[in-house]
Structure formats: C-alpha cells, structure tokens
Amino acid sequence: MSKGAFTGPLEHIGCCCHRIPTSYKAGMRVPGHIYASDAMLETIRKDQAPDQVANVATLPGIQVASIAMPDIHWGYGFCIGGVCATDPEEGGVISPGGVGYDINCGVRLLKTNLYLDDVKHHMRELVKALFYTIPTGAGRAGRYKFNPVETRRLMGEGPRFVIDRGLGVARDLDHTEANGHIDGGDPHQVSDHAVKRGAEQCGTLGSGNHFLEVQVVDSVFDADVARAFGLELNQICVMIHSGSRGLGYQVCDDSLASFRNCPVKYGFELPDRQLACAPVDSPEGRKYIAAMRAAANYGFCNRQLLMQQAREVFAGVFGRSWEDLGMEQLYDVAHNIAKLEEHTIEGKKKKVWVHRKGATRAFPAGHPEVPEAFRAVGQPVIIPGDMGRASWILVGSQGAMDKTFGTTCHGAGRAMSRTAALKDGVGRKIDKELEHRGVIAMASSRNGLAEEQPKAYKNVDDVVGVVHDADLSRRVARMRPLGVIKG
DNA sequence: ATGTAC
C-alpha cells in the first residue's frame, strides 16, 4: 500500500476530534474520528494512517466510529493508535490486524521507595546490571526455560503459573489488567511452532520500541490520584514495555493465513487485504480469539518475569530485598488486544469486541473491572514515551467511556519511519547524546538506538495533552528517564 | 512488532 500523504477531509467536530465523513470512501459504515490537535494533524497527514481509519470503518458490524488516537501512525491494515468495536449480533468481525503482530504488547510500572538522590550515583552500575541480566534483542532466549506442556499451561493460566513457582507474589495479579488472565484463552488453538518460539523467550525484552527504563517522577499533576497510586515527586520507578515476543507474532501470522479466504466465504468486501477478518462466531474467528487470548496471557507472563528480574537486580545493587525496596507493581496494561466488553451505544447496553491496537484501556472510577485499590479514582494508564524525554501515568475518565469505548492513547507515536530515523542516525553516537541529556542507555544493537532516538517520536507531552483535553484520561504524573536498556 | 524472506 502507498504511504503517501493523506489529502482527504478531516472535519473539526469538537474538542480535539476530527471526522472523516462516510462520504469519503465507498463502503464506510460509520465515520472516522481522529483525536489530535490542529498542529498534530500536519504530522498525521504525512502517511496513510487516516486512510486506514476510513478502511476500518467499512468492517462488518463496526459500531459508532472508527477511532484513532493522537499517536496514530501507519500499521499493518489498521493504523497503530486505532480503536474499533464490532457487534457480533450485527455480523461483527474479529481482525488480527486490529490487534497487531505483537499480541498484548503492553506496559508495566514497578514502584520503589527509593528517591532520585538514592540512585543518581548508581545509575551506570544499575543499567549495566539490568542489561547483563535481562536478555534484549530479537530472537534472544531467556534464563527461564519451559517445555511445550509447561508453556501451554502458562498460556492458559497467565502469571499465576510463574508466581506459583516463586517468581512474584499473588498481589502482583491484583495490579494487572484482567488479573493477568484473559478468560477463554485456549493454548491448544496455538500452533506447535508458536509454542516452540515462546518456550524459551518468556522473560526477554525483545527489540524495536520495547524497553526497560529506570525513571523518576518529574512532576505530579493530580496529587490525590498520585497518592492513591502511591506515587510522589522524585520517586524512582521502573517501566517495562514488552509483549508476547515470537509467540504472539506466530499466532498472528498463523491466523492471517487462515483468514485469507474469509471475505469470499462469508460474503464481504475489504478495501485492503491486510484487513483480513472473520465473523466473531465463525470457526476461523473463534480459533483466533482463543489463540489470541492465550498469547495475551503469555504477554502478561513475559512482563511478570521481566519485572522479577528487575527486582533481583535492584536487590543486588542496593543490597536489600526487593520487598524492602518497596518494589510493588502499580499496574500492567495491554495496548495491543481485542476484548469482549459491555458498552452503552445509543442508550443500549451491548457486548462488543473492542480492538485496541496501540491504544490503552482507560476505565473510569467506579467501573467493576478497575481493581478495588483504584476503584474510587479510576484505572491507572501507563504511557511510555521516548527514551530522551518523558513517559506518563494517567488515570481513566468517563469521557473515554462516552467517546472511545473506554480507550486512550498508548505512547508518543512515531514521527519518522524506522528507515528515516536510521539514516538520520548515521555517524552519530546516540548513547553519548542521551548521556548528555542525563540518560544512561545500553542497547544490543546500534541501529536500534538510531531507530528509537527521541526525535523519531512525537512529543509525548503533546499526545498526552490531547487525551487530557478531550477527557479520554487525565494527567497524574510525568516520568523522566534516567536509564534504559533496549534491544 | 518479528530467527525484519520457510
């Protein structure tokens, strides 16, 4: 597909929201809604992501609108930063492209009782210890080995499986989206090949935009919610951004092959074959849903094991147990997943399949799926930014339920393609540049650092500004990076 | 995102 600029209509329809009308493209069942500032629209128009928003609006059973967040950019079939809800009772479909290749890519935040002054003279040692303990990079195997039977059990149970083996504590589950266990995951719908890839990679970081960062709370925007989350100024935290590694990739790939003939078989047309999908209640759809849920449970396990290794490293560097260092999990969110959820649409309660691809659930105070500890304030939302500037902690709000199926942004969003960023980095020492900005960075590949350099991303502060102003979630705390390990 | 082309 062409990646040229988008020149179609974007009609301003309210706070930070722009509409692609159904008249833009044949077959659109609903309009497109893109949340962005006027200034950001210029960046957003640079690739075909808005056209992908329009393509998604043609999917059978789609409800209300094809929605995109301010960190939108081009992706496989669906844009990254997209939200699509389908109703199975209206022929609604499930689509692997609406979840992404990295099923349950997501973010976990681990708190400590350390402050900036406690770590600032230990950052080099800390980052080195993290880098030499936690495997990074594509294809890397980890220290935890599971045989195929164990790997399938792990996919069925989620992090409880590894916690039962001493790798974490039960209260970690209370602080994970869906308690780290998506019901209906069936490991037997996952191919042997996918299981084989997953068996040796649980507890590894991967490559691309995945990272593990030591961060400091740089600013607090909502003191009451920050207190409820146990966050305060100058506190040290660890942010973990990773997904389901080769296992999720293989589940996605396997399903795309099985979906190839679905448009003919079930009688619908797609404007782009990368939108491959199947009715929720079809054999192909049911198999993908069962496998995708199992891969999601694996993703939660991967971040659990990454967290546990970070706890061990801190304990080693600071000579105290991780419990004594207060290394408790704030929360863990998935930002590449499809889930069956109840939403109110035109006054009626409906169970819909919400696809979030590079988009984060942001449920408000009082929602039954928000853990009890946060029920009074809303769900913690974790937004990873780029490695030079910032990341954010937000809280879910009612506006998200009203406008975006309980969803907000997932990160900064790329502003440059990987190849453009790579070319831009030739001859530079990006780790040295980061050091001048106060960030110790270690990566297993020089190219990785160039592709992920700060200016390859939009300013995450701007992205967060849009979702705050549009009431899709609210600012709680801004985090500044001190040290990072990457693939 | 991904043993970046079984």
Enquirer: Nearest whole angstrom, please: distance from the C1' of B/dT4 to the CZ of A/Arg418.
Expert: 10 Å
Enquirer: Please walk me through it: do A/His410 and A/His241 pass ring-ring contact (aromatic ring centres under 6.0 Å, His included)?
Expert: CA-CA 11 Å; A/His410 89 305; A/His241 180 196; 7.3 Å; no
Enquirer: Nearest whole angstrom, please: distance from the P of B/dT2 to the OH of A/Tyr298.
Expert: 11 Å
Enquirer: Across the strands shown, which category fits A/Gly208 at heavy-atom distances under 4.0 angstrom: base, sugar-phosphate, nothing?
Expert: sugar-phosphate
Enquirer: Could you check how far CG of A/Asp253 sits from C1' of B/dC6, rounded to whole Å?
Expert: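 Spelled out: CG on A/Asp253 to C1' on B/dC6 is 11 Å.
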Enquirer: It should be established whether A/Arg245 places a side-chain nitrogen or oxygen under 4.0 Å from OP1 or OP2 of nucleotide B/dT2.
Expert: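 Answer yes for this pair, as a side-chain N or O of A/Arg245 is under 4.0 Å from OP1 or OP2.
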Enquirer: Mind checking if A/Ser207 touches a base, just sugar-phosphate, or nothing, with heavy atoms under 4.0 Å?
Expert: base
Enquirer: How is A/His335 classified with respect to the nucleic acid when contacts are heavy atoms under 4.0 Å: base, sugar-phosphate, or nothing?
Expert: nothing
Enquirer: With sequence neighbours excluded, tell me which residues meet ring pair (Phe, Tyr, Trp, His ring centres under 6.0 Å) with A/Tyr24.
Expert: A/Phe6
Enquirer: Could you tell me the separation between the CG atom of A/Leu422 and the P atom of B/dT4, rounded to a whole number of Å?
Expert: 16 Å
Enquirer: Could you state the CD1-C1' distance from A/Ile80 to B/dT2, rounded to the nearest angstrom?
Expert: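 One finds 13 Å between C1' of B/dT2 and CD1 of A/Ile80, rounded.
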Enquirer: Can A/Glu284 and A/Lys265 be counted as an ion pair, charged N to O under 4.0 angstrom?
Expert: yes
Enquirer: To the nearest angstrom, how far is A/Lys196 atom NZ from B/dT2 atom C1'?
Expert: 16 Å
Enquirer: What's A/Glu451 touching, base or sugar-phosphate or nothing? Going by heavy atoms closer than 4.0 Å.
Expert: nothing
Enquirer: What is the separation between atom CD on A/Gln250 and atom P on B/dC6, rounded to the nearest whole Å?
Expert: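 Answer to the nearest Å: 10 Å.
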Enquirer: Rounded to whole angstroms, how far apart are CD on A/Glu452 and C1' on B/dT2?
Expert: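 Whole-Å distance recorded here is 14 Å.
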Enquirer: With sequence neighbours excluded, what pairs up with A/Glu42 under the side chain to side chain contact (heavy atoms under 4.5 Å, CB included) test?
Expert: none
